[in-house]
Each structure stands twice: as C-alpha cells, then as structure tokens.
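What follows is a set of notes on a single structure, which appears directly below.
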Amino acid sequence: ADAARIGQSPQSICPYLLVPSASWRSARPIREHRCTAVDPFDAPALEIQAGLCLEAIHTRCARYTAATASRRAEWDGTAESLAAFDARVARRVPRVVPVALDRPNAMAGRLATLGGTRRLARLALAALMVAAAGLLLAARFVGGA
C-alpha cells in the first residue's frame, strides 16, 4: 500500500540499500538505511534515498555500478557464470530481504501529525499529570473542614 502510494515497486529498490542488520529494508526513506555498496557502509541522505535509491533509476548510481562491476570481477570468468550474474542483476535481486512497506511504529491519519507513538505517549502522560494536579488543587480548596 505504501509502495503504491509512493509510486514504486519493491523491485525498484536498490539491492544495496539495507538496514544495519541487513535483514530488511523499507520502501520509503528512513534514517536507518545504509548503502552496502561501499565499505564502510554509508547512510544516504533521505533526499537521495527518495530520488535515487528507492527508484528504478538506482542502476545509474555510481556506487551501484561500481559494486556491480566489483562483483562481476569476482566471477571465475566463464561465460555461463557471467550470464547468470547479468540475469540476476537484470532482475535486481542480488540479495533477497523483506521490504517493509511501512514502519511498524508509523501512524496514519490525524495521529501522524502528532509525531508518532512516542510523542503521542508523551502528550498523553503530560495531560494525565495536568489532570492529576488539577484534581489535587480542587480537593485542597473545594473540600470541607
């Protein structure tokens, strides 16, 4: 759903864009993403992720082409293995990892304007504290002898 809203498919995401644990990637720009095409891994800016890494044009990225060329050089040189490698690159699936179409803690609708679950919890706690203070003050001044 989120990938359709953004206008991309999971296949258009750069295979080198992963989170540090290398166990999943998101279909939208997040700070946890790392470019694994370079060593040490680098954190691409959110704008670069949105405009390059998470789009089908990621194949034009200099890091992508360099990493692909490096992997190609590691092959034993036989035509069969290079053809198989080229077929994998054409399908853009050098690594198969799950793609999160939405972050687990992301909230949709009006609650998203509050800043997510952590901020919502802080606001609820602050409102509870103000209400408790109001009750204490009311009990002190309104109560009888």
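Side-chain atoms are counted along with the backbone in the values below, which use heavy atoms only and exclude waters and symmetry mates.
Between the OG atom of S26 and the CD1 atom of I13 there is a distance of 7.5 Å, given to the nearest 0.5 Å. For the atom pair OG (S12) and CD1 (I57), the distance works out to 10.0 Å, reported to the nearest 0.5 Å. How far CD1 of I30 is from CG of L17: 8.0 Å, rounded to the nearest 0.5 Å. The CZ atom of R25 sits 11.0 Å away from the OH atom of Y16 when rounded to the nearest 0.5 Å.
Closest non-hydrogen pair, L54 versus H33, comes out as CD2-CE1, 4.5 Å. Minimum interatomic distance between R28 and Q49 (heavy atoms only, all atoms of both residues): O-OE1, 4.4 Å.
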Passes side chain to side chain contact (heavy atoms under 4.5 Å, CB included), R34 versus V19? Steps please. CA-CA 6 Å; R34 298 292 179 266; V19 296; over 6 Å; no
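No side-chain heavy atom of F41 sits less than 4.5 Å from a side-chain heavy atom of C35. Side-chain contact between Y64 and C53 is absent, with no heavy atoms from C-beta onward closer than 4.5 Å.
Counting only distance, with no hydrogens or angles, the side chain of T65 and the backbone of C61 share a donor-acceptor pair below 3.5 Å.
For the side chain to side chain donor-acceptor pair (under 3.5 Å) with R63, the lone residue among T36, T68, D42 that qualifies is D42.
The salt bridge (Lys or Arg N to Asp or Glu O under 4.0 Å) analysis of residues 124-139, with sequence neighbours excluded, yields no pairs.
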